[in-house]
Amino acid sequence: MKTDVEYKNKDHQSVEQVTECPECGSRRLSQDYDRGELICDECGLVIDETYIDQGPDWRSFDMKEEGDKSRAGPPMSEMMHDKGLSTNISVSDRDSYGKSIPSKNRAQIYRLRKWQRRIRVSSAKERSLVSALKEINRIASTMGLPRNIMESAARIYREAVERNLIRGRSISSVVISSLYAASRKMNLPRTLDEFADATEFKRTEIGRTYRFLSRELELQLKPTKPQLYLQRYCNELSLSGTIRKMAENILEDAEEKDLISGKGPSGLAAAAIYIASVKGGERRTQREIAEIADVTEVTVRNRYKDLVKQLDIEIDV
DNA sequence: AAGACGAAAGTGGTTGA
DNA sequence: TCAACAACTTTCGTCTT
C-alpha cells in the first residue's frame, strides 16, 4: 500500500524521464500500451500505471517522414457519437479568409448552421447515445479504467442500440454491462462487485444484463482467468514481479490439472498470491490478501489448501 | 496479541425438473 | 416455481507463533 507510490507519476511531464527501474536498476523497460503500463523487463515491477504512448500515431515509411507526421489531430474515437468526424460550422461571422460576411448573407449562414446542428444530432437515438457515452466516460473515470476499455464499451453499447436491445432495460444498466464486458474483453477484468460498488446497480442486475448482451451480441467471452487479476492485486499489495511470476506459475499448473473451472477467479488469484508470498519471502497475511481480492480469509484458506494439496507444494507456515 | 485454522450454519445465485 | 446444489460468507472457538 505504501512503497510503490513514489514511482507513480501523477503528472505526465516526468513520465518520459524514467529510464531505469527504481527497483533493480535495469534499463530494460517495456511499455505495455494496452494496459497503459511501464514495466521493468528484469523484475516485472510496474513503474508507471498511467503510461501514455507519446510517440507518433502512424508508422513512418522513411527517415524523412519520421519527424513531421507525429501527432496529427484527434484520432477517430468511438467515444464521440459521430466518431469525431462530422463538420462544424464556426460561430463567428467570418468567411474562411477572415473577412466579415455581408449582413444580407448572415441569415443564410444562420440557417445553414441550424440545419448542420440538426443533422449532426438528429434522432432521439443519437441524443441518447451522447448521454450514454458521457455515462461510460464518467464511470470509467471514477473506476480508473483505461481509455481502450471505454472505447470498447462504447462499441458494444452502439451495437446494442443498433440491435434494439435496450428496450425494456435502463440505459445505464446497459452502459455498465458494456463496461463490464469491455473490461473482460480487454483482459483487464474487474469483478461484478467492483462495478456494483461504483454504481447504484446491484451485482445481479449487472450480471443479468451482461449475460443478455453477451448472448445477443455473441461476445463469446471466455470465463475470466485468475491470472488476469495477479498484476493488479500484486501491485496493490506492493509485491515484486518475482512473486507475481510465481503465482502465475502456480495458476498455470492448476489450470493444467483442471483445478480452476467452477471456482471464483479472484479467490484463486488470492490463494496463489498467498502461497507465492510465503514461499518467496514477501509474506502477506491472509487477511491483507483477502481484503484486496475482495473475498474472505476463509476462501483464501480453502483455495490455497486445495492448491497445495493437489499440486504437491510444500509450504511451511 | 496477531495470525492461522476449520467446523457449522447461512446466503445468493444457478440449474433442471 | 420449486428444490437441489456448489461456491462463498459469517461466525466462532481453538491452536500456533
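Below, read A as the first sequence line, B as the second, and so on, with proteins coming before strands; counting in each chain starts at 1. When reading the values below, keep in mind they use all heavy atoms of this one structure, side chains included, and skip hydrogens, waters and symmetry mates.
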*Would you kindly give the CG-to-P distance between A:Asn302 and C:dA6, to the nearest whole Å?*
15 Å
*Whole-Å distance between C:dC8 C1' and A:Asp294 CG?*
12 Å
*B:dA4, C:dA7, B:dG12: which one has an atom nearest the side-chain heavy atoms of A:Lys263?*
C:dA7
*Between A:Val278, A:Ile250, A:Leu239, A:Val300, which is the residue that forms a side-chain contact (heavy atoms from CB on, under 4.5 Å) with A:Ile273?*
A:Leu239
_Selected nucleotide, minimal atom distance to A:Lys305 side chain, candidates B:dC5, B:dG3, C:dT10_ = B:dC5
*B:dT11 C1' sits how many Å from A:Arg203 CZ, rounded?*
10 Å
*Which part of the nucleic acid, if any, lies within reach of A:Gly207 when heavy atoms closer than 4.0 Å are counted: base, sugar-phosphate only, or nothing?*
nothing
_What is the distance, to the nearest angstrom, from the NZ atom on A:Lys309 to the C1' atom on B:dC5?_
15 Å
*In terms of heavy-atom contacts, does NZ of A:Lys279 have more than 12 from other residues, nucleotides or ligands at under 6.0 Å?*
yes
*Would one find a side-chain N or O of A:Arg283 under 4.0 angstrom from OP1 or OP2 of B:dA4?*
yes
_Selected nucleotide, minimal atom distance to A:Arg287 side chain, candidates B:dG3, C:dT10, B:dC5_ = B:dG3
*Kindly point out which of B:dT14, B:dG6, B:dA4 is positioned nearest to the side chain of A:Arg211?*
B:dT14
*Minimum heavy-atom distance between A:Ala160 and A:Leu213, given as atom pair plus value*: CB-CD2, 4.0 Å
*Considering just the side-chain nitrogens and oxygens of A:Gln286, establish if one lies under 4.0 Å of OP1 or OP2 belonging to B:dC5.*
yes
*asked:* When you measure from the side-chain N and O atoms of A:Tyr304 to the phosphate of B:dC5, is any distance below 4.0 Å, counting only OP1 and OP2?
replied: yes
*Could you state the CZ-P distance from A:Arg208 to B:dG12, rounded to the nearest angstrom?*
15 Å
*asked:* Distance check needed: B:dC5 P versus A:Asp306 CG, whole Å only.
replied: 13 Å
*When you look at CZ of A:Arg287, are more than 12 heavy atoms from neighbouring residues, nucleotides or ligands closer to it than 6.0 Å?*
no
*Could you state the atom-to-atom distance from NZ of A:Lys202 to P of B:dT11 in whole Å?*
17 Å
*CD1/A:Ile139 to OG/A:Ser172 distance, rounded to the nearest 0.5 angstrom?*
7.5 Å
_Paired nucleotide for C:dA3 [Watson-Crick or G-U wobble; both distances under 3.5 Å]_ = B:dT15
*Mind calculating the distance between CZ (A:Arg301) and P (B:dA4) to the nearest angstrom?*
8 Å
*Could you say whether A:Val298 or A:Thr285 is positioned toward the 5' end of DNA chain B, judged by the nucleotide with the nearest heavy atom to each?*
A:Thr285
